S.K.: 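Questions regarding the structure given below will be posed in turn.
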Amino acid sequence: MNSPLPPRYAVYAGSFDPVTLGHVDIIERGARIFHHVYVGIGINPDKQTLFSVEERLDLIAQSISDHANVTVKAFEGLTVNFAAQHDAVVMLRGVRTLSDMEAEFTMSLANRALAPDIETMFLMASEKYSHISSSLIKQIARMGAEPNIERLRKFVPEPVIAPLLEKFGQSVPKS
């Protein structure tokens, strides 16, 4: 009789500044494949971010609250170390474009050299999210005004809209 496979854990790491619908799509797809997904918000002291680590933790948690097998944590240092701390066998990576793939391929080779027991799994971005980037979202939010709320709904989860607009001094109308 075959023994059941042990639980398999994955890590999906990034800056998530802000979290997008593309990120949420990768998280949800990973949560269907693995027993548990750890979403890691990498803390890079050299990188200027729009949202604080605490804000990003909260926004992601709100955006994926219906997934019991997903945990959001912040970490410093190498992603492979974060993955190893959580017994992850896979690091999930979302790929939108061919240029993403080139950069991700290089990173996966480095990660494999650092942690040969942890695989990298690439999930292609869903077609409807392949054009979304955090910089695009910030540009849309900067433009302000009420019509941008509807525009932003195409790119970011609902809990992100008001805080994003507020970062750019835009008021969010009460519904």
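Position 1 is the first residue of the sequence, and the numbers go up from there. Not measured: the values here are computed from a predicted model.
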S.K.: Is V156 reachable from L136 through a run of hydrophobic residues whose side-chain heavy atoms are each under 4.5 Å from the next?
M.R.: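 In one cluster: yes.
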S.K.: Please test R153 against E158 for side-chain contact (heavy atoms from CB on, under 4.5 Å), starting from the C-alpha separation and ending with a verdict.
M.R.: CA-CA 6 Å; R153 280 192 176 109; E158 195 67 33; 2.9 Å; yes
S.K.: Between the main-chain N or O of A13 and the side-chain N or O of R93, is there a donor-acceptor pair closer than 3.5 Å?
M.R.: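 Answer holds: yes.
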S.K.: What distance separates L50 CG from F168 CZ, expressed to the nearest 0.5 Å?
M.R.: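 So the CG of L50 and the CZ of F168 are separated by 4.5 Å.
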S.K.: Hey, any chance V53 and V11 share a hydrophobic cluster, counting ILVMFWY side chains that come within less than 4.5 Å of each other, even indirectly?
M.R.: no
S.K.: Heavy-atom count check: over 12 atoms from other residues, nucleotides or ligands less than 6.0 Å from F122 CZ?
M.R.: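 For F122, atom CZ is crowded (more than 12 foreign heavy atoms under 6.0 Å).
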S.K.: According to a hydrophobic-cluster definition based on side-chain heavy atoms being under 4.5 Å apart (Ile, Leu, Val, Met, Phe, Trp, Tyr only), do M101 and Y129 belong together?
M.R.: no
S.K.: Quick one, F155 and T20 - any side-chain contact, counting heavy atoms below 4.5 Å?
M.R.: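 The answer is no; the side chains never approach within 4.5 Å.
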S.K.: Can you find a heavy atom in the side chain of R56 that is under 4.5 Å from one in the side chain of L59?
M.R.: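 Heavy-atom side-chain distance check fails, nothing below 4.5 Å.
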S.K.: Find the distance between NZ (K128) and NZ (K154) and round it off to the nearest 0.5 Å.
M.R.: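 K128 atom NZ to K154 atom NZ measures 13.0 Å (nearest 0.5 Å).
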S.K.: Answer with yes or no whether the side chains of N81 and Q85 bring together a donor and an acceptor at under 3.5 Å.
M.R.: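 Distance-only check fails for Q85 and N81.
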S.K.: How far does CD1 of I161 sit from CG of L164, to the nearest 0.5 angstrom?
M.R.: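 Interatomic distance, I161 CD1 to L164 CG, rounded to 0.5 Å: 8.5 Å.
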S.K.: Take atom CE of M124 as the centre, draw a 6.0 Å sphere, and report whether it contains more than 12 heavy atoms from other residues, nucleotides or ligands.
M.R.: yes
S.K.: Using every non-hydrogen atom in the two residues, find where R96 and S133 come nearest and quote the distance to one decimal.
M.R.: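 In this case the closest contact between R96 and S133 is NH1-CB, 3.1 Å.
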S.K.: For the CD1 atom of I26 and the CZ atom of R29, what is their distance to the nearest 0.5 Å?
M.R.: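 So the CD1 of I26 and the CZ of R29 are separated by 4.5 Å.
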S.K.: Checking V90 against I33 for the side-chain contact (heavy atoms from CB on, under 4.5 Å) test, could you report, in this order, the C-alpha distance in whole Å, the side-chain angles of both residues, the deciding distance, and whether it holds?
M.R.: CA-CA 11 Å; V90 166; I33 298 168; over 6 Å; no
S.K.: In the single-linkage hydrophobic clustering (I, L, V, M, F, W, Y; side-chain heavy atoms under 4.5 Å), do I132 and V24 co-cluster?
M.R.: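 Same cluster: I132 reaches V24 through Ile, Leu, Val, Met, Phe, Trp or Tyr contacts under 4.5 Å.
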S.K.: Taking the side chain as C-beta and beyond, is there a heavy-atom pair between V39 and F16 under 4.5 Å?
M.R.: yes
S.K.: I need the E119 CD to M91 CE distance, nearest 0.5 Å.
M.R.: 9.5 Å
S.K.: Any chance CD of E102 has more than 12 other-residue heavy atoms, nucleotides or ligands included, within less than 6.0 Å?
M.R.: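 For E102, atom CD is not crowded (no more than 12 foreign heavy atoms under 6.0 Å).
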S.K.: Does any donor atom in the side chain of D25 or S126 lie under 3.5 Å from an acceptor atom in the other side chain?
M.R.: yes
S.K.: Has H35 got a side-chain atom pairing as donor or acceptor with R8's backbone, closer than 3.5 angstrom?
M.R.: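 Pair found, side chain donor or acceptor close to backbone of R8.
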S.K.: Might you point out which heavy atoms bring L123 and G30 nearest each other, and give the distance in Å?
M.R.: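 The answer is CD1-N, 4.4 Å.
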S.K.: Is the closest side-chain heavy-atom distance between I118 and N111 below 4.5 Å?
M.R.: no
S.K.: Any non-hydrogen side-chain atom of I41 less than 4.5 Å from a side-chain atom of S15?
M.R.: no
S.K.: Please say yes or no: joined through hydrophobic side-chain contacts below 4.5 Å, possibly via intermediate residues, are I64 and Y12 part of one cluster?
M.R.: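 Yes, because I64 and Y12 connect within a single hydrophobic cluster, where side-chain heavy atoms sit under 4.5 Å apart.
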S.K.: Let me confirm one number: the CD1-CD distance from I60 to E55, rounded to the nearest 0.5 Å.
M.R.: 12.0 Å
S.K.: For S63 and V160, which heavy atoms make the closest approach, and how far apart are they?
M.R.: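 Here S63 and V160 meet closest at OG-CG2, 4.1 Å.
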S.K.: One pair to check against side-chain contact (heavy atoms from CB on, under 4.5 Å): T120 and R112. What are the steps and the verdict?
M.R.: CA-CA 8 Å; T120 300; R112 187 145 179 84; over 6 Å; no
S.K.: Keeping to residues at least two apart or across chains, list the ring-ring contact (aromatic ring centres under 6.0 Å, His included) pairs with something in residues 67-88.
M.R.: Y38-H86, F75-F82, F82-H86
S.K.: For S134, check side-chain hydrogen bond (donor to acceptor under 3.5 Å, both in side chains) against everything at least two apart and list the hits.
M.R.: none
S.K.: Tell me, do P18 and K167 make a side-chain contact under 4.5 Å, heavy atoms counted?
M.R.: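 No, every pair of side-chain atoms sits at 4.5 Å or beyond.
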S.K.: Heavy atoms, side chains only, cut-off 4.5 Å: are K138 and D17 in contact?
M.R.: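 Side-chain contact under 4.5 Å: yes.
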